[in-house]
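What follows is a single structure, written as structure tokens, with notes after it.
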Amino acid sequence: MTELKDILWKSADKLRGSMDAAQYKDFVLGLVFLKYVSDSFEERRRQIRDELIADGVPESRHESFLDDKDEYDREGIFWVPEGARWADLAAQAKSGAIGQLIDAAMYAIMKANASLTGVLPKIFNRDNVDQRRLSELVDLISDARFTGHDGKSARDVLGEVYEYFLEKFARAEGKRGGEFYTPSSVVKVLVEILEPYKGSVYDPCCGSGGMFVQAEKFVLSHRGKRDDIAIYGQEANERTWRLAKMNLAIHSLRGDLSPRWADTFYEDKHPDLKADYVMANPPFNMSDWYRKTDDPRWRFGTPPASNANFAWMQHIISKLGTRGSAGIVMANGSMSSKQSGEGEIRAAMVEADLVACMVALPPQLFRTTQIPACLWFFAKDKSSRGGHTDRRGQVLFIDARNMGTMLDRTERILTDDDIAKIAGAYHAWRGTRSARDAGLTYADEPGFCYSATQDEIRTQDRILTPGRYVGAAEVDDGDDEPIADKIERLTKELLGHFDTSYRLEQAIRTKLERIDV
């Protein structure tokens, strides 16, 4: 599987240079998507034929069933018209007009599937596209073996390839890549703590949809079904919105990302939504944002025009249902800033008992920014309902700054063990079902986690930096020697070293004085 991803990436990379990075991303991911919908369509077509044969339906009647769009819609499969199918395109890859054919296929697929209207890129027949290299890429994708990888279906493999490409493009684009991609290990922490088994999941700045894909993986890994979660999202950037729509489609996820891209602050596309779970990675410290001072979302105070951090948090809180919970990636400054009224807003959220957990993240998790980051977790209900531990009036602080493993000189990831430790501490503290099933019980761990009361937080002026609460890790030096005896012994040793150092210094001086210059 790794070899397949690398081959496709290196081959696609040949097309770079003749177009800008953003267009290149749309170009390659559009092709992967086209291959995906075509393979899914053909797979469903074979299933229908097998079903007809098994039911004894005469072959003369097969075509009417095979061409019935409802047979595909029912299984969540996009209809791919004749001429737009991958086999049709691959057969004409060397025709010299492959770009024109691909653009026409994109148009035909969007016309046949209302949910894809305006989503797919039609950029393959432009002057800056090397048609020879494009035909080579079509051949490569045609020949690539998408089956036989750890028992995964071709559709699942293509889904992984799409995710892999998103990550590679985010790295290649640097700072701009952060607009559409959140590191997967960070997303996993959010998902593993929130545990979105069932209900509505919302992301107000959804990027390329990675939060939704990870939520779906969590549900499926716990023997749930895709339909157990309802997806709602919004994205302000047109190109990124298209990526998200394709990403959901390639993972067979149906979600409401609204018919068009839009700024969440200017035009909330889900005004009546009350979500069970919210997961988000808003732009850090955004200064250029649409702000109305009388916005009803500013329940805890009007955010400053110079920074949208507390605007995002208050918008998210306004979207939570009665027992809703949220996980948000934020810049570290949000935990302690007192500028422009931010300290008062943070204090009001703490006093409303909405903050459930704060996690300080290690550096270098985000290749796209050097700004230190943290995770905020909100909960509308911290009571003992549902068999949980009553945590009203308390906040769990987790300091994960020393966790993670460096992938290379500039990028760190949180390992599965790291994620399990962070999520396990939260679930043990909250007394969730998963903690009870695993036999986990909570205890403060110096240097890692601490459960603080409202009074303790008030004494810290409602600053929520975990390091203020968890203290220093206990050091086990494997020595039972009483501390007073150890100090006396080490003092004698140090004084002895001083005496030795003085004698050596005098001896060297004497030698130097005897040198005849």
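Heavy-atom basis, side chains included; hydrogens, waters and symmetry copies ignored. Model, not experiment: these values are computed from the prediction.
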Ring centre gap for F378 and W376 strictly below 6.0 Å: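 Here the rings of W376 and F378 have centres that are less than 6.0 Å from each other.
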Centroid-centroid distance, W86 to F41, less than 6.0 Å: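 That pair fails the under 6.0 Å test.
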Closest heavy-atom contact between [X] and [Y]?
X: A236; Y: W261; value: O-CD1, 3.6 Å
X: S208; Y: L166; value: OG-CD1, 3.7 Å
X: I463; Y: S336; value: CG2-CB, 3.8 Å
X: A262; Y: K269; value: CB-CE, 3.5 Å
X: A373; Y: V329; value: CB-CG1, 4.4 Å
X: M110; Y: V119; value: SD-N, 3.5 Å

Between the side chains of [Y] and [X], is the shortest nitrogen-to-carboxylate-oxygen separation below 4.0 Å, so that they form an ion pair?
X: R44; Y: E42; answer: no
X: K225; Y: D228; answer: yes
X: E342; Y: R346; answer: no
X: K35; Y: D39; answer: yes
X: E238; Y: R260; answer: no
X: R242; Y: D26; answer: no
X: R468; Y: E456; answer: no
X: E163; Y: K217; answer: yes

Answer yes or no: is there a donor N or O on one side and an acceptor on the other, between the side chain of [X] and the main chain of [Y], under 3.5 Å?
X: R412; Y: P363; result: yes
X: D399; Y: P466; result: no
X: R430; Y: T389; result: yes
X: K382; Y: V395; result: no
X: S334; Y: A331; result: yes
X: S185; Y: I413; result: no
X: W241; Y: L257; result: yes
X: R226; Y: H251; result: yes
X: R391; Y: A356; result: no
X: N113; Y: L116; result: no

Verdict with reasoning, V191 to M279, per side-chain contact (heavy atoms from CB on, under 4.5 Å): CA-CA 8 Å; V191 171; M279 296 181 286; 3.6 Å; yes
side-chain contact (heavy atoms from CB on, under 4.5 Å) evaluation trace for N281 with M211: CA-CA 9 Å; N281 176 20; M211 301 284 186; 3.9 Å; yes
Can you tell me how far apart [atom1] ([X]) and [atom2] ([Y]) are? Round to the nearest 0.5 Å.
X: K421; Y: I398; atom1: NZ; atom2: CD1; value: 10.0 Å
X: Y266; Y: W289; atom1: OH; atom2: CH2; value: 15.0 Å
X: F397; Y: I457; atom1: CZ; atom2: CD1; value: 4.0 Å
X: E160; Y: Y164; atom1: CD; atom2: OH; value: 12.0 Å
X: T432; Y: D437; atom1: OG1; atom2: CG; value: 8.5 Å
X: K188; Y: I193; atom1: NZ; atom2: CD1; value: 14.5 Å

Face-on cation placement of R433 at Y197 ring, 6.0 Å and 45° thresholds: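 Yes, R433 lies over the aromatic ring of Y197.
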Quiz item: cation-pi between K319 and Y232, 6.0 Å / 45°: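 No cation-pi geometry.
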Result of checking D268, L273, D263 against Q234 for side chain to side chain contact (heavy atoms under 4.5 Å, CB included):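 It is D268; the other options fail the test.
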Distance-only side-chain donor-acceptor flag, [X] / [Y], under 3.5 Å:
X: T410; Y: D408; value: yes
X: S200; Y: D276; value: yes
X: D444; Y: Y442; value: yes
X: S383; Y: D381; value: yes

From CA spacing to verdict: side-chain contact (heavy atoms from CB on, under 4.5 Å), Y277, I229: CA-CA 10 Å; Y277 307 97; I229 57 173; 6.0 Å; no
Within a strict 4.5 Å, meaning less than it, do heavy atoms of the [X] and [Y] side chains meet?
X: Q454; Y: V350; result: yes
X: E195; Y: H427; result: yes
X: L190; Y: F377; result: yes
X: M106; Y: L34; result: yes
X: I250; Y: V32; result: yes
X: T264; Y: H315; result: yes
X: I419; Y: I422; result: no
X: F300; Y: L354; result: yes

Residues M349, R462; criterion side-chain contact (heavy atoms from CB on, under 4.5 Å); working and verdict: CA-CA 10 Å; M349 293 192 301; R462 284 95 167 187; over 6 Å; no
Heavy-atom count check: over 12 atoms from other residues, nucleotides or ligands less than 6.0 Å from [X] [atom1]?
X: K198; atom1: NZ; result: no
X: R297; atom1: CZ; result: yes
X: D461; atom1: CG; result: yes

Criterion side chain to side chain donor-acceptor pair (under 3.5 Å) on Q394 and S451, from CA distance to verdict: CA-CA 7 Å; Q394 299 175 58; S451 180; 3.0 Å; yes
Parallel, tilted or perpendicular: ring planes of H222 versus F218, cut at 30 and 60 degrees: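 Correct class here is tilted.
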